Every structure is written in structure tokens, then in C-alpha cells.
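Each residue takes its place number in the sequence, starting with 1. Both counts, for ligands and for their atoms, begin at 1 and track the order of listing. Just so we're clear, the structure is a prediction, and the values are computed from it rather than from any experiment.
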Amino acid sequence: MKLKLDYVDKYYDNIKVLDQLKLSVENIKVLALIGPSGSGKSTLLRLIAGLETFESGNIELNNQAIDKVNLADYRKHIGFVFQDHNLFNHLSVIDNICLVMEKVHHRKHSEAKKEVEALLTKFGLIDHKNKHPHQISGGQSQRVSIVRALAIQPEVILLDEPTSSLDPVLTFEVLKSIETLVEDKKDVILVTHEIGFAKEVADYIVYMEEGKIIEHGHADILARPQTEKLRVFLDKVLTFH
Ligand code: ADP
Ligand code: MG
């Protein structure tokens with residue numbers, strides 16, 4: 001993917017939450033956004049997804065400036081997985097995924113179903129296809145959300161702390177599913193606290209604090225941070241690992 005941020009500012013109620021973000025990367029497969037709570041990671045992800053507006057600056061994803069695109073069309077090419085899965089509780093696993101393909105992408109039910117079954121098999125979820133979200137675990141729900149994001153064949157998949165509400169075993173399952181995405185050559189932007197995982201799968205790291213990009217670079221900055229701020233952050237998150 002190619003991502004360009006040009007002096008992006010975002011305010012909530014007159015409070016600046018993103019401050020002059022500047023970044024230009026290309027030929028990146030997996031970009032990890034890290035940083036303490038409240039640093040603006042989710043906000044930035046929502047801006048990239050075209051889910052929210054911003055006050056000034058430019059964002060370009062794969063050469064599309066998002067203030068110039070038709071947002072409804074643009075969003076069709078972005079898969080989004082939120083912190084807590086947001087599946088419809090009244091629909092089965094398979095219908096949750098087929099719904100998006102049929103309603104947003106106008107796919108035929110029979111075709112959509114076939115594709116979704118293949119994906120569920122690949123992600124080890126086929127035995128759960130007729131269950132409802134409350135009948136599966138949190139980790140399985142997150143994996144269904146990942147399959148749903150993937151089913152629309154997006155250009156880029158954005159994941160916002162997909163493991164933050166999960167215990168370590170379920171976290172492992174979800175991280176495995178993200179690895180499957182990456183092996184599938186999908187472009188991914190991932191907000192995560194899983195620094196070890198970021199080290200393994202991400203080829204680019206962006207570290208944010210208080211609405212600013214403090215440090216960014218190839219994944220080896222996690223081993224050799226250049227700023228005191230990133231070094232202190234890594235010391236804290238890795239202390240009990
Ligand atoms: P992170 O994902 O890094 O934890 P967020 O992007 O969620 O950070 O939040 C960045 C800042 O913006 C925080 O100070 C947060 O309180 C504020 N914020 C986020 N969403 C909203 C909102 N919808 N309304 C007002 N303030 C918000
Ligand atoms: Mg967040």
C-alpha cells in the first residue's frame with residue numbers, strides 16, 4: 001500500500017487530537033500503529049477509513065485523496081475490524097458476512113455463500129457458520145469480523161486493537177488469523193498493543209503520542225528506538241513480557 005499524510009489536523013470539540021501528522025510510505029504490506037491510550041490511533045484509523053472528517057491537511061491511500069473521492073465508494077474497498085466485534089446478533093455467522101456482500105456489493109446470494117464458506121474453512125470457522133454471535137467465543141467473533149472484512153475483497157484492511165478484549169489464548173487465535181491475512185498478501189494497517197506481534201508481521205511502525213507522530217520507520221525501530229519517548233514506551237509495555 002501507499003499511504004501519505006500531509007499535515008493532518010483533527011479536532012474534537014475544539015480539542016486538537018491529531019496534530020500535523022506527516023508521513024509518506026509506499027510498498028508497505030503491514031503498517032502497525034502503536035502508542036499509549038488516547039494518542040489518536042483509532043482516530044487516525046477512522047480518518048483513513050473515510051469514516052470521519054478532518055479539519056486540515058490531506059490523506060492519500062493508494063493515490064486516492066480521501067477528500068476528493070466518493071466516500072461511499074471508497075469505503076467499499078476498505079475492510080474495517082473494530083476493537084469489539086460488531087456483528088449483528090440476530091444473524092448467523094454466515095449471514096453476517098453474506099449480508100455485506102449482497103447489500104453493499106450486490107453479489108448474488110448463492111455466489112456470496114460459496115465464497116464465504118471457503119473463507120470460513122480457511123479460517124477454521126466453518127463448523128460455526130450457522131451459530132449466532134452469542135454462541136461463539138470472543139476470539140471466534142473477532143475472527144468472523146476479520147473474515148467479513150476480507151470477504152469484500154478490500155484493497156486494505158484496517159484493524160483497531162482486534163485483540164484488546166481477549167484473553168491470551170483467544171488473542172493467539174486472532175493473531176494467527178491476522179497472519180493468514182498477511183500470508184494472503186493483503187495490505188493491513190493494524191493498531192495494536194501486541195508489540196511482539198508487530199515486530200514479527202509489520203514492515204513499518206508508526207509510534208504516536210498525544211496526537212503526534214513521534215517516530216516511524218521499518219520494524220527494526222522496535223529493537224532500536226531512536227527517540228527517548230518510544231524507548232520509554234517500549235520499556236513499559238515489555239516489562240512483564
Ligand atoms: P487511541 O486510539 O490512541 O487510544 P483515540 O483516537 O481513541 O486514541 O483518542 C484520541 C483523543 O481523542 C483522546 O483524547 C480521546 O479522548 C479523544 N476522542 C476520541 N474520540 C472522540 C470523540 N468521538 N469525541 C470526543 N473526543 C474523542
Ligand atoms: Mg483506540
Side-chain angles (χ1 to χ4, degrees), residues 3-23 25 30-59 61 66-67 71 75 78-87 138-139 141-143 145-146 148-149 156-167 170-171 174-175 177-178 181 188-199 201-202 204-217 219 221-222 225 227-239:
L3 176 67
K4 213 164 160 231
L5 308 176
D6 259 322
Y7 302 105
V8 175
D9 282 342
K10 165 78 181 168
Y11 290 80
Y12 284 120
D13 312 321
N14 296 323
I15 296 169
K16 203 176 204 179
V17 296
L18 295 180
D19 186 2
Q20 298 282 291
L21 300 187
K22 181 142 180 59
L23 185 75
V25 292
V30 182
L31 186 147
L33 266 178
I34 61 171
S37 283
S39 56
K41 307 179 297 295
S42 297
T43 304
L44 176 58
L45 211 62
R46 287 198 302 269
L47 296 195
I48 294 170
L51 295 172
E52 274 186 55
T53 56
F54 48 104
E55 276 64 33
S56 59
N58 278 308
I59 299 179
L61 182 63
I66 74 165
D67 58 335
L71 276 183
R75 283 189 214 114
I78 309 282
F80 206 116
V81 178
F82 295 91
Q83 209 152 348
D84 293 302
H85 78 86
N86 54 334
L87 303 173
S141 297
Q142 270 312 42
R143 284 156 57 211
S145 299
I146 291 171
R148 187 174 58 174
V156 181
I157 297 185
L158 310 179
L159 301 114
D160 191 358
E161 294 189 37
T163 62
S164 63
S165 60
L166 304 176
D167 72 37
L170 298 180
T171 294
V174 172
L175 296 181
S177 293
I178 298 171
L181 286 182
V188 171
I189 303 179
L190 169 71
V191 174
T192 188
H193 289 306
E194 304 288 338
I195 301 299
F197 183 69
K199 234 179 215 168
V201 304
Y204 207 85
I205 307 288
V206 174
Y207 174 66
M208 293 179 68
E209 220 176 87
E210 295 179 341
K212 296 188 178 70
I213 294 176
I214 303 293
E215 183 168 345
H216 61 95
I221 67 169
L222 293 175
T227 59
E228 181 66 9
K229 285 185 167 147
L230 177 54
R231 197 186 59 70
V232 170
F233 173 77
L234 291 172
D235 276 350
K236 279 186 201 155
V237 293
L238 298 174
T239 297

To which protein heavy atom is [atom] closest, and what is the distance rounded to 0.1 Å?
atom	value
atom 3 (O) of ligand 1	Lys41 NZ, 2.8 Å
atom 12 (O) of ligand 1	Val17 CG1, 3.1 Å
atom 8 (O) of ligand 1	Gly40 N, 3.1 Å
atom 10 (C) of ligand 1	Gly38 O, 3.5 Å
atom 7 (O) of ligand 1	Ser42 CB, 3.8 Å
atom 21 (C) of ligand 1	Tyr12 CE1, 3.3 Å
atom 5 (P) of ligand 1	Thr43 OG1, 3.6 Å

One pair to check against side chain to side chain contact (heavy atoms under 4.5 Å, CB included): Phe54 and Ile59. What are the steps and the verdict? CA-CA 10 Å; Phe54 48 104; Ile59 299 179; 3.9 Å; yes
Steps toward side chain to side chain contact (heavy atoms under 4.5 Å, CB included) verdict (Ile157, Ile146): CA-CA 9 Å; Ile157 297 185; Ile146 291 171; 5.8 Å; no
Do any N/O/S atoms of Ser42 come under 2.8 Å of the Mg ion (ligand 2)?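 An N, O or S atom of Ser42 is closer than 2.8 Å to the Mg ion (ligand 2), so yes.
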Just by distance, do the side chain of [X] and the backbone of [Y] share a donor-acceptor pair under 3.5 Å?
X	Y	answer
Gln142	Pro162	yes
Glu215	Thr227	yes
Lys10	Thr53	yes

Subset of ligand 1 atoms that lie under 4.0 Å from at least one heavy atom of Ser37: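 In order of numbering, the contacting atoms are 4 (O).
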Atom indices of ligand 1, in the order listed, that fall short of 4.0 Å to a heavy atom of Ser39: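 Checking each atom against Ser39, I get 1 (P), 3 (O), 8 (O).
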Quick one: does ligand 1 sit under 4.0 Å from the side chain of Arg46, the backbone, both or neither, non-hydrogen atoms only?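 Just the side chain.
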Full working for side chain to side chain contact (heavy atoms under 4.5 Å, CB included) between Phe80 and Leu51: CA-CA 10 Å; Phe80 206 116; Leu51 295 172; 3.6 Å; yes
Tell me whether the guanidinium CZ or amine NZ of Lys229 lies under 6.0 angstrom from the six-membered ring centre of Phe233 and within 45° of its axis.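 No, Lys229 does not lie over the aromatic ring of Phe233.
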Gly35 near ligand 1, heavy-atom distance under 4.0 Å?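 Contact absent.
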Using heavy atoms and a 4.0 Å limit, tell me yes or no: is Pro36 in contact with ligand 1?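 Pro36 counts as a contact of ligand 1 under the 4.0 Å cut-off.
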Below 4.0 angstrom, counting only protein heavy atoms, does anything approach atom 16 (O) of ligand 1?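 It does not: no protein heavy atom is found less than 4.0 Å away from atom 16 (O) of ligand 1.
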If I compare all heavy atoms of Gly40 with all of Leu18, which pair ends up nearest, and what's the gap?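 For Gly40 and Leu18, the tightest heavy-atom pair comes out as O-CD2, 3.5 Å.
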Apply side chain to side chain contact (heavy atoms under 4.5 Å, CB included) to residues Glu210 and Asp19 and explain how you reach the verdict. CA-CA 8 Å; Glu210 295 179 341; Asp19 186 2; over 6 Å; no
